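For this chain, numbers begin at 1 and follow the sequence in order. Just so you know, these numbers come straight off a predicted model, no measurement behind them.
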Amino acid sequence: MSIGDIAQRCSLAGEPAAILWDMDGTLVDSEGEWARATGEVVSRHGGSWLAQDVEFALGASQEAHANRMVDALARDGITADPGALFAEVVDTVAEHFHTDLEFMPGARELLEGFRAAGIPQVLVSASPQRLVDIFVASCPEGTFAATVTGDDQVPSKPDPAPYRLGAQKVGVEPERCLAFEDSPHGIQSATICGATTVDVNRISLRELAELL
């Protein structure tokens, strides 16, 4: 069993030149926390965060997430500043990252396996740099060669720009990369970019880790 076996299971010909990782919902079990924190903030301001809002925000950009919160409050006739609302959510999620960060099953093993094999790994997340930094600090030093975050001045997923930038930062062609994603926006972004993209809802990290 080897990295080659993982590549084959993911339909990539040969070993990957780089690994491009989404964070929330892929490496970290945090989507539920995002939904809980957002609902808490919207409720505190007098509105309701509904199931369709949770679905919309999955993998959305910071701007889209914040504007959806404004729309949720507007249903109850409440006006608010999107930036301030999103900042409240980030504060809550950051506290969760500091105290209760939980890796998805198989994530640690794969991160270590790719690191040990000398394959550069890039974190490509729509989350703010602040949250990405907390996560990166929780991993062994040298796990990630570069990061792309929601604070970078590139179009957000589903645009391919974040994944294109991630591959560029480690000097490889996207077509030689293996990307891991959990959201429709992220899957579209990585696929259009040209990376071989794994939907972790279909092929779990735990299953792939067993091939190491």
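- Using a 4.5 Å heavy-atom threshold, the side chains of Arg68 and Gln52 count as touching.
- Residues Ala18 and Ile119 approach most closely at CA-CG2, 3.8 Å, considering heavy atoms.
- Judged as a side chain to side chain donor-acceptor pair (under 3.5 Å), the pairs with a partner in residues 141-155 (not counting sequence neighbours) are, in order, Gln62-Asp151, Gln129-Thr149.
- Among all heavy-atom pairs drawn from Asn201 and Asp182, the shortest one is ND2-O, 2.8 Å.
- The two residues Ala195 and Leu20 come nearest to each other via the heavy atoms CB-CD1, 4.5 Å.
- Between Cys10 and Leu208 the shortest side-chain heavy-atom distance falls below 4.5 Å.
- Taking the side-chain contact (heavy atoms from CB on, under 4.5 Å) definition, one finds that Thr92 meets it with Glu33, Arg36, Ala37, Glu40, sequence neighbours left out.
- Connection of Leu58 to Val54 is not established within any shared hydrophobic cluster, with ILVMFWY side chains joined at heavy-atom distances below 4.5 Å, either directly or through further cluster members.
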Discussion item. Could you go through Ser127 and Asp24, starting from their C-alpha distance and side-chain angles, then the distance that decides it, and tell me whether this counts as side chain to side chain donor-acceptor pair (under 3.5 Å)?
Written reply: CA-CA 8 Å; Ser127 285; Asp24 294 294; 2.5 Å; yes
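- Distance alone, capped at 3.5 Å, is enough to place a donor-acceptor pair between the Asp5 side chain and the Ser2 backbone.
- Using a distance-only test at 3.5 Å, with no hydrogens or angles considered, a donor-acceptor pair links the side chain of Thr99 to the main chain of Glu95.
- Contact record, Leu178 with Pro16: CB-CB, 4.0 Å, taken as the closest heavy-atom pair.
- Between atom SG of residue Cys193 and atom CG of residue Asp159 there is a gap of 10.0 Å, rounded to the nearest 0.5 Å.
- Looking only at distances, a side-chain donor or acceptor of Ser138 sits under 3.5 Å from a matching main-chain atom of Phe135.
- The shortest side-chain heavy-atom distance between Ile19 and Leu110 does not fall under the 4.5 Å cut-off.
- Taking all atoms of both residues into account, the shortest heavy-atom contact from Gly113 to Ile3 is O-CD1, 4.0 Å.
- Using modelled atom types, no side-chain atom of Ser189 and backbone atom of His185 make a donor-acceptor pair closer than 3.5 Å.
- Here the side chain of Glu181 pairs no donor or acceptor atom with the backbone of Thr197 at under 3.5 angstrom.
- Within a 6.0 Å sphere centred on CD of Gln8, heavy atoms belonging to other residues, nucleotides or ligands number 12 at most.
- At least one side-chain heavy atom of His45 sits under 4.5 Å from a side-chain heavy atom of Val41.
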